[in-house]
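This report concerns only the one structure given below.
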Amino acid sequence: MIKILDGKTIAQKINAKIKAQVAIITNRKPKLAVIIVGEDLASQTYVRNKIKACQECDIDGQVFSLAATITEKEVINKIEQLNNDNSIDGILVQLPLPKHLNSLAVINSIVINKDVDGLTNINAGRLLQGDKQAMLPCTVKGILALLNYYQIPIVSQNITIINDSNIVGKPLGLLLTNMGATVSVVHKLTKNLAFYTKEADIICSATGVYNIINNKQVKPGVIIIDVAINYQGKEKKVVGDIDFATMKNTAAAITPVPGGVGPMTIAMLLENLMACYQLNIKKNIKK
Ligand code: GUN
């Protein structure tokens, strides 16, 4: 029987722990600032969910909605202002940004102690070097927490990641490599994708392509971490990259969509925010 890796329940436990930590804070409470540029509906939903999670833990969350036409300099000025605001512990710039903005320049303007998403060049460099101080991107940290919770081995495992983004594929590949896995970072245009998925003990997929692989393209007993959120058919049913029905007699375990990696990502955002809060409360802000 396939095992369901229940991110929702684990995330609820983590969030409850964070809420208890916040409840005993006697000075100022942690605060997250979220910048969203433009009107992307999916981004708006993600941001709403992040702020809701903050509120449920009595963490302050403030959204800065900036016009799609804003210049790069103006966005960076806003970030500088938040960098210097002692009431703010974490700054998250929701991605993707409109095409005329240089995402790297924007992200890298976040001061290191407020890089709650772990996406700045400094945290990415720390991860590359295997530095434990690295703030991990929330999705990556959420996947690790899920694997750890279910005691899924990582050392010596063949892990195929179908995503090569700065948010998921590349940092997850580095993390798992640092932990002793043998990692293939591939993507939806990889030639002969099945060559990599058939060898994998664990597959992490975030392509946005429903049914990107089926049960003929994996080995029996594989563990599937489905990171994608896709909307299917007229009813816009929420699905991942993997059709659960085709895998249920082949895979050993799978994350459901919804209720798998998604809630873990948000719980890890709160964990990262608490870590930033600890740094900022010491008033030792360094870049
Ligand atoms: N867009 C989709 N996922 C993410 C994420 O984890 N962080 C940010 N900043 N933007 C995203």
Side-chain angles (χ1 to χ4, degrees), residues 3-26 28-34 45-63 88-92 94 113-119 123 126-127 132-154 161 167-168 171-172 174-176 178-179 202 204 206 223-229 238 240 253-281:
K3 184 171 187 161
I4 302 297
L5 308 175
D6 180 3
K8 190 172 170 188
T9 304
I10 305 165
Q12 280 167 350
K13 288 185 195 167
I14 295 167
N15 294 352
K17 223 186 267 176
I18 291 171
K19 186 171 179 169
Q21 284 167 11
V22 174
I24 57 169
I25 292 175
T26 50
R28 76 165 181 83
K29 300 277 183 190
K31 182 170 177 180
L32 174 69
V34 179
T45 305
Y46 292 140
V47 168
R48 217 177 304 121
N49 290 340
K50 289 170 186 178
I51 296 295
K52 187 163 161 258
C54 285
Q55 287 165 345
E56 283 168 3
C57 291
D58 299 321
I59 290 171
D60 267 352
Q62 189 171 359
V63 180
I88 303 281
D89 297 293
I91 304 168
L92 184 153
Q94 186 64 28
N113 283 5
K114 299 189 181 186
D115 179 18
V116 73
D117 238 353
L119 296 179
N123 273 315
R126 285 177 174 171
L127 177 59
K132 296 268 184 301
Q133 266 196 88
M135 185 72 69
L136 293 176
C138 304
T139 303
V140 169
K141 192 169 170 172
I143 292 169
L144 178 65
L146 258 177
L147 295 173
N148 285 343
Y149 183 90
Y150 286 100
Q151 300 182 339
I152 294 167
I154 293 171
I161 300 165
I167 298 184
V168 181
L172 183 61
L174 287 171
L175 177 78
L176 296 171
N178 291 342
M179 294 179 75
I202 302 173
C204 303
I223 290 161
I224 297 176
I225 309 293
D226 194 339
V227 190
I229 299 177
V238 177
I254 193 165
T255 56
V257 179
V261 175
M264 292 300 291
T265 297
I266 295 188
M268 295 301 115
L269 171 64
L270 302 182
E271 267 199 15
N272 279 356
L273 184 72
M274 293 305 285
C276 288
Y277 175 76
Q278 291 307 329
L279 295 172
N280 293 322
I281 208 80

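One-based numbering along the sequence shown.
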**OP:** Kindly indicate, with the supporting measurements, whether the criterion side-chain contact (heavy atoms from CB on, under 4.5 Å) is fulfilled by Ile161 and Leu176.
**Re:** CA-CA 10 Å; Ile161 300 165; Leu176 296 171; 4.2 Å; yes
Subject >> Verdict with supporting geometry, Leu144 and Ile154, side-chain contact (heavy atoms from CB on, under 4.5 Å) >> reply: CA-CA 9 Å; Leu144 178 65; Ile154 293 171; 3.8 Å; yes
Test of understanding: with side chain to side chain contact (heavy atoms under 4.5 Å, CB included), list the residues that count as partners of [X], not counting sequence neighbours.
| X | value |
| --- | --- |
| Ile51 | Val34, Val47, Gln55, Val63 |
| Asn15 | Cys57, Ala267, Leu270 |
| Thr265 | Cys138, Thr139, Val261 |
| Arg28 | Asp89, Tyr277, Asn280, Ile281 |

Subject >> Counterpart residues, salt bridge (charged side-chain N to carboxylate O under 4.0 Å, His left out), relative to Lys141 (two or more places apart) >> reply: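 Listed in chain order: Glu271.
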**OP:** Could you tell me which residues satisfy salt bridge (charged side-chain N to carboxylate O under 4.0 Å, His left out) with Lys8, sequence neighbours excluded, listed by chain and number?
**Re:**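 Expected list: none.
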Please identify each residue that fulfils side-chain hydrogen bond (donor to acceptor under 3.5 Å, both in side chains) with [X], with sequence neighbours left out.
| X | answer |
| --- | --- |
| Asn123 | Asp115 |
| Lys13 | Tyr149 |
| Thr9 | Asp6 |

**OP:** Please lay out, stage by stage, how Leu5 and Ile10 fare under the test side-chain contact (heavy atoms from CB on, under 4.5 Å).
**Re:** CA-CA 9 Å; Leu5 308 175; Ile10 305 165; over 6 Å; no
On a heavy-atom basis, which atom in [X] and which in [Y] lie closest, and how many Å separate them?
| X | Y | answer |
| --- | --- | --- |
| Ile266 | Ala53 | CG2-CB, 3.2 Å |
| Gly118 | Pro137 | O-CG, 3.7 Å |
| Ile4 | Tyr150 | O-OH, 3.7 Å |

**OP:** Can you tell me which residue pairs pass the salt bridge (charged side-chain N to carboxylate O under 4.0 Å, His left out) test with a partner in residues 258-267, sequence neighbours excluded?
**Re:**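 Matches after skipping sequence neighbours: none remain.
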**OP:** Please list all pairs passing the salt bridge (charged side-chain N to carboxylate O under 4.0 Å, His left out) test where one or both residues lie in residues 45-58, with sequence neighbours left out.
**Re:**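 Pairs touching residues 45-58 that pass the test: Lys52-Glu56.
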Rounded to the nearest 0.5 Å, what's the gap from [atom1] on [X] to [atom2] on [Y]? Could you check?
| X | Y | atom1 | atom2 | value |
| --- | --- | --- | --- | --- |
| Thr255 | Ile224 | OG1 | CD1 | 8.5 Å |
| Leu175 | Ile143 | CG | CD1 | 9.5 Å |
| Met135 | Met268 | CE | CE | 12.5 Å |
| Ile202 | Leu147 | CD1 | CG | 5.5 Å |
| Ile223 | Leu146 | CD1 | CG | 11.5 Å |
| Asp117 | Leu136 | CG | CG | 11.5 Å |

Original post:
Is Leu32 close to Leu269 at the side-chain level, that is, under 4.5 Å between some pair of heavy atoms?
Top reply: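 Heavy-atom side-chain distance check passes, below 4.5 Å.
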**OP:** For the pair Asp60 (side chain) and Lys31 (backbone), establish whether a donor and an acceptor sit closer than 3.5 Å, ignoring hydrogens and angles.
**Re:** no
Original post:
Under 3.5 Å, is there a donor-acceptor pair between the side chain of Lys29 and the main chain of Val22?
Top reply: yes
**OP:** Could you go through the side-chain contact (heavy atoms from CB on, under 4.5 Å) check for Leu92 and Tyr46 one step at a time?
**Re:** CA-CA 12 Å; Leu92 184 153; Tyr46 292 140; over 6 Å; no
